[in-house]
Amino acid sequence: MTLPFVIWVFIFKYFPVWGWTMAFQDYKPARTFSEQEWVGFKHFMFLFTDDRFLGVLRNTLAQSLINLVLGFVTAIGLALLINELTNFRFKRIVQTISYLPHFLSWVVAAALVSSMLSIDGIVNDILMGLNIIDKEILWLGVGEYFWGLLGAAEVWKNVGWNTIIYLAAISMIDQEQYEAAKIDGASRLQRMRYITLPGMKQVIVILLIMNIGYIIEAGFEPQYLLGNGQNVEYSENIDVFVINYGISMFNFSLATAAGVFKTVISLIFLIVANSFSKKMGQGGLY
């Protein structure tokens, strides 16, 4: 029964690895494989010595770390709060509302975010109404704000969807533990702290390891759609760099080198995080 999936993984995940050879060539599409010029680590050396790429790497790591921290904290927090709702109908309404943004494409979501953050957008209206700012701010025109705005947009779009697996983990906790805690006089916060969170611990550790493995993958669509000439110094990450200076300029070897770099670093992070988790006695992916 698993054979079709094994074949699918081999065709779409392992067979394309052959294309990594382009990272060590001055690849020209019109030439056959034997006619390509091999240049060794030339493109990797360019990446590691190029100031723009180093800035892009900084942006990628910063965006990933912000998304990782905010994503985990908000998803776990929302799952805990939803679990405490006793009205079944209201609970379903809250879950549905929190899930909806996930099903919007980033094209639509970015348009909504851009509209809200525009000069005459709702964000400026609210902040000025509360006397927090005294004049409108073009939020996406200030590079220093981009990382925080991106993190907030990612949370708004994905927090509801990310709570699903945590709610599933909570549902597996023995309900007798809650009943015993109530008899002993434990408050809701104490039950969340001493029963719910420990019951979710294994799921949290596994998801954390998996997300650390993607720490160098900050995404592409929100950065590309929300980025502009005014915030490019903070919005451009590795994936956008690959599009702008690799594929768009037909420098396929440079784009491949950046992709190989991402994959190797992600694998290293995953192995290290998994090993550290096992040494701490929390288990791991393997």
Side-chain angles (χ1 to χ4, degrees), residues 9 11-31 33 36-68 71 105-111 113-114 140 143-144 146-147 149-151 153-154 157-158 210-271:
V9 170
I11 293 175
F12 293 100
K13 299 297 182 179
Y14 286 96
F15 185 73
V17 173
W18 171 258
W20 279 14
T21 56
M22 288 191 294
F24 306 96
Q25 304 168 341
D26 269 335
Y27 180 78
K28 304 298 180 184
R31 299 178 182 174
F33 181 79
Q36 300 295 338
E37 180 184 354
W38 293 84
V39 294
F41 291 94
K42 170 187 171 182
H43 300 293
F44 292 96
M45 295 301 296
F46 172 79
L47 290 177
F48 300 143
T49 56
D50 181 60
D51 291 337
R52 189 177 190 89
F53 181 78
L54 296 179
V56 166
L57 181 59
R58 177 207 62 177
N59 294 341
T60 303
L61 292 173
Q63 293 168 12
S64 293
L65 288 173
I66 291 172
N67 291 339
L68 178 66
S105 72
W106 262 115
V107 175
V108 176
V113 172
S114 298
L140 291 177
E144 289 81 358
F146 187 84
W147 294 347
L149 295 174
L150 177 66
E154 290 276 6
K157 191 173 187 301
N158 296 314
M210 294 176 66
N211 279 274
I212 288 176
Y214 285 97
I215 200 69
I216 204 71
E217 305 239 3
F220 168 73
E221 291 177 305
Q223 290 85 349
Y224 188 76
L225 295 168
L226 295 175
N228 55 57
Q230 293 175 297
N231 62 32
V232 65
E233 187 177 349
Y234 291 85
S235 65
E236 188 177 39
N237 64 1
I238 292 179
D239 291 320
V240 178
F241 176 87
V242 167
I243 290 291
N244 291 336
Y245 299 97
I247 297 176
S248 295
M249 295 184 177
F250 300 100
N251 193 345
F252 300 110
S253 294
L254 180 65
T256 305
V260 171
F261 170 75
K262 281 176 49 181
T263 302
V264 172
I265 296 300
S266 296
L267 181 61
I268 292 173
F269 274 124
L270 179 65
I271 294 173

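Nothing fancy with the numbering, it's 1 onward along the sequence.
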> Does any N or O in the side chain of Asn237 come within less than 3.5 Å of the main-chain N or O of Phe220, such that one atom is a donor and the other an acceptor?
no

> Could you measure the distance from the CG atom of Asp239 to the CD1 atom of Ile216? Nearest 0.5 Å is fine.
10.0 Å

> Hey, is the main chain of Gly143 close enough, under 3.5 Å, to the side chain of Gln230 for a donor-acceptor pair?
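No, because the side chain of Gln230 does not come within donor-acceptor range (under 3.5 Å) of the backbone of Gly143.
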
> Is the gap between the ring centers of Phe261 and Phe48 under 6.0 Å?
yes

> What is the minimum heavy-atom distance between Ala153 and Val113, and which atoms define it?
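The answer is CB-CG2, 4.2 Å.
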
> Counting only N and O atoms by type, is there a donor-acceptor contact under 3.5 Å from the side chain of Glu221 to the main-chain atoms of Val107?
no

> Could you report the tightest heavy-atom contact between Ile238 and Val56, atom names first, then the distance?
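Minimum heavy-atom separation between Ile238 and Val56: N-CG1, 3.2 Å.
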
> Return the minimal non-hydrogen interatomic distance between Asn231 and Leu226, and the atom names on each side.
ND2-O, 3.4 Å

> When you look at OH of Tyr224, are more than 12 heavy atoms from neighbouring residues, nucleotides or ligands closer to it than 6.0 Å?
no

> Can you list, pair by pair, the side-chain donor-acceptor contacts under 3.5 Å of residues 11-27, counting residues two or more places apart and other chains?
| from | atom 1 | to | atom 2 | distance (Å) |
| --- | --- | --- | --- | --- |
| Thr21 | OG1 | Trp18 | O | 3.0 |
| Asp26 | OD1 | His43 | NE2 | 3.2 |
| Asp26 | OD2 | Lys42 | NZ | 3.3 |

> Taking atom CD1 of Ile215 and atom CG of Leu61, what is their separation to the nearest 0.5 Å?
7.0 Å

> Find the distance between CD1 (Ile265) and OG1 (Thr60) and round it off to the nearest 0.5 Å.
12.0 Å

> Can you tell me how far the CD atom of Gln63 sits from the CZ atom of Arg58, to the nearest 0.5 Å?
9.5 Å

> Give me each pair satisfying side-chain hydrogen bond (donor to acceptor under 3.5 Å, both in side chains) with a member in residues 44-54, each pair once, sequence neighbours excluded.
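Every side-chain hydrogen bond (donor to acceptor under 3.5 Å, both in side chains) pair that includes a residue of residues 44-54, provided the two are not neighbours, is Arg52-Glu236, Arg52-Tyr245.
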
> Less than 4.5 Å apart, any side-chain heavy atom of Ile66 and any of Glu154?
no

> Search all heavy atoms of Leu254 against all heavy atoms of Leu47 and return the closest pair with its distance.
CD1-CD2, 3.4 Å

> For Gln223 and Leu150, work out which heavy atoms get closest and say how close.
NE2-CD2, 3.5 Å

> If I compare all heavy atoms of Gly227 with all of Ser235, which pair ends up nearest, and what's the gap?
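Heavy-atom minimum between the residues: CA-OG, 3.7 Å.
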
> Which distance, rounded to the nearest 0.5 Å, do you find between the CG of Leu270 and the OH of Tyr214?
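Atom-to-atom, Leu270:CG and Tyr214:OH are 8.5 Å apart.
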
